[in-house]
Amino acid sequence: MNKRRTNNKLPVIPIGLAICFMGIITFLFLHFTTQNEPDKGEKTPPAAASPDPNETPDISGGDNDPPEDDFFIQQANPVHIHMGSLLLVNKERSFDLYESELNLVLVNEEKTAPFQMRRDYVTKLCASVIKPLDAMMQAYIDEVGENTIYIYIGYRDKAAQQKTLDDFIASIGREAALRRVALPGHSEHHTGLAMDLGAMVDGVHHTFDYREANYHEPTKWFGINAHRFGFVLSFPEDRVEEGGTIYEPWHYRYVGFPHSAIMFQNNWLLSEYLDEIRKYTFEKPFTFEWEGREYFIYFTTDTAIKFPKYVENTNDRTLSGNNIDGFVVTFRK
């Protein structure tokens, strides 16, 4: 008996095609499983941006304060040696700027304090003097309780100085006159920073000089308090020889604060003070404290003036020539 044979062979799949198919399956499996796993390694952070060299640093305070050697430059001009509040003018040192080169104003038009003025004289002073002058005069009125002080002389040019000298020579002789009146070009009055004060009591002129019969005693207040407002007595009684003139208790000049307070505390004339400040530099300044504020002062002959970054506010820094060879630089914290 013949048996029917049954064909049980499976279809044959080419080996190359099978391998390719399995590779695709493996790739898809690995791709979707590894994509959802958390990253167990540390990623490298992106590189930080380089600082902008033109960006203004934050100097508002706290941890943002700049280092002590972080400074900026204020460019001066050689002519500025003859400008400012600390100009030395005496028998040895002349002052040669003209009235047109000074920032002079009419005191009577600019003042706000109700002090008196000489009616027969046009009084001018540098504009920078008016505000501290107002403060000083108002303080005298408030603290002394009277309004008797007036400005007798302010700015005086060389021609007026010559006439004043000639009048004194005719009156008391040349030698005595030269003890009282500076030669033209050598008077502090040329700067617009100096003034002669008097007291007008019941329509009569009184002096600041305690040795005179018409001495008005309340005027001694100025000798004790003028430095608070930036003013100094140029020719004090105990420094007559050094000052080269007579005692002039009525002659005050503006040097600015804190210089006035430093000079007052040390009994220094302006020439002595300027000599002292020569010893100090930007890196090692003269330091002075007043009512919780620190002041720093130094001298330089360089016209590229250094200031710390924290005093970019112009109210916290000043610059003055000495009328000789350089600059006195002042700043405060």
Side-chain angles (χ1 to χ4, degrees), residues 84-90 93 113 115 125-126 128-144 149 151 188-189 191-199 207-210 215-280 285-299 316-320 322-323 328-333:
S85 63
L86 292 167
L87 305 174
L88 182 65
V89 182
N90 55 24
R93 181 60 53 180
F115 59 89
L125 288 171
C126 284
S128 59
V129 177
I130 301 301
K131 186 174 180 179
L133 175 63
D134 276 333
M136 180 171 68
M137 292 300 203
Q138 189 63 59
Y140 177 85
I141 295 170
D142 295 341
E143 296 174 19
V144 177
I149 305 304
I151 298 178
E188 287 190 328
H189 286 290
T191 66
L193 300 169
M195 68 199 81
D196 292 344
L197 302 178
T207 181
F208 281 46
D209 192 341
Y210 72 93
Y215 169 57
H216 188 56
E217 186 176 5
T219 60
K220 65 183 180 183
W221 180 93
F222 287 89
I224 301 170
N225 294 283
H227 69 277
R228 293 162 45 196
F229 308 95
F231 294 88
V232 295
L233 184 65
S234 293
F235 309 111
E237 186 175 17
D238 62 343
R239 308 304 303 280
V240 167
E241 292 303 319
E242 296 95 326
T245 186
I246 65 169
Y247 169 46
E248 295 189 4
W250 55 80
H251 181 99
Y252 284 85
R253 68 156 286 174
Y254 183 70
V255 296
F257 196 90
H259 313 291
S260 55
I262 297 169
M263 290 172 62
F264 179 80
Q265 290 185 4
N266 292 279
N267 194 29
W268 283 335
L269 299 176
L270 179 57
S271 58
E272 296 170 321
Y273 176 60
L274 293 176
D275 283 343
E276 179 67 21
I277 293 303
R278 282 181 177 275
K279 303 174 184 177
Y280 299 91
F286 180 96
T287 60
F288 178 72
E289 186 173 342
W290 179 273
E291 295 183 349
R293 294 210 72 167
E294 249 187 321
Y295 294 82
F296 303 89
I297 307 161
Y298 75 94
F299 174 78
D316 291 328
R317 56 186 167 95
T318 59
L319 174 66
S320 175
N322 63 0
N323 196 40
V328 178
V329 185
T330 309
F331 53 92
R332 66 184 184 181
K333 278 189 178 181

Residue list, ring-ring contact (aromatic ring centres under 6.0 Å, His included) with Phe257, at least two apart or on another chain: Trp290, Tyr295
Residue list, ring-ring contact (aromatic ring centres under 6.0 Å, His included) with Phe288, at least two apart or on another chain: none
Minimum heavy-atom distance between Val89 and Glu188, given as atom pair plus value: O-CG, 3.8 Å
Listed partners of Asp134 passing salt bridge (charged side-chain N to carboxylate O under 4.0 Å, His left out), at least two apart: none
Residues that Tyr280 engages under side-chain hydrogen bond (donor to acceptor under 3.5 Å, both in side chains), provided they are two or more places apart: Glu276
Residues that Tyr254 engages under side-chain hydrogen bond (donor to acceptor under 3.5 Å, both in side chains), provided they are two or more places apart: none
Listed partners of Arg293 passing salt bridge (charged side-chain N to carboxylate O under 4.0 Å, His left out), at least two apart: Asp316
Residue pairs involving residues 220-231 (criterion salt bridge (Lys or Arg N to Asp or Glu O under 4.0 Å); sequence neighbours excluded): Glu143-Arg228, Glu217-Lys220
Listed partners of Lys131 passing salt bridge (charged side-chain N to carboxylate O under 4.0 Å, His left out), at least two apart: none
ring-ring contact (aromatic ring centres under 6.0 Å, His included) involving Phe222 - partner list, sequence neighbours excluded: Tyr140, Phe208
Tyr215: partners by side-chain hydrogen bond (donor to acceptor under 3.5 Å, both in side chains), with sequence neighbours left out: none
Set of residues satisfying salt bridge (charged side-chain N to carboxylate O under 4.0 Å, His left out) with respect to Glu294, sequence neighbours excluded: none
Residues in side-chain hydrogen bond (donor to acceptor under 3.5 Å, both in side chains) contact with Asp142, at least two apart in sequence or another chain: Gln138
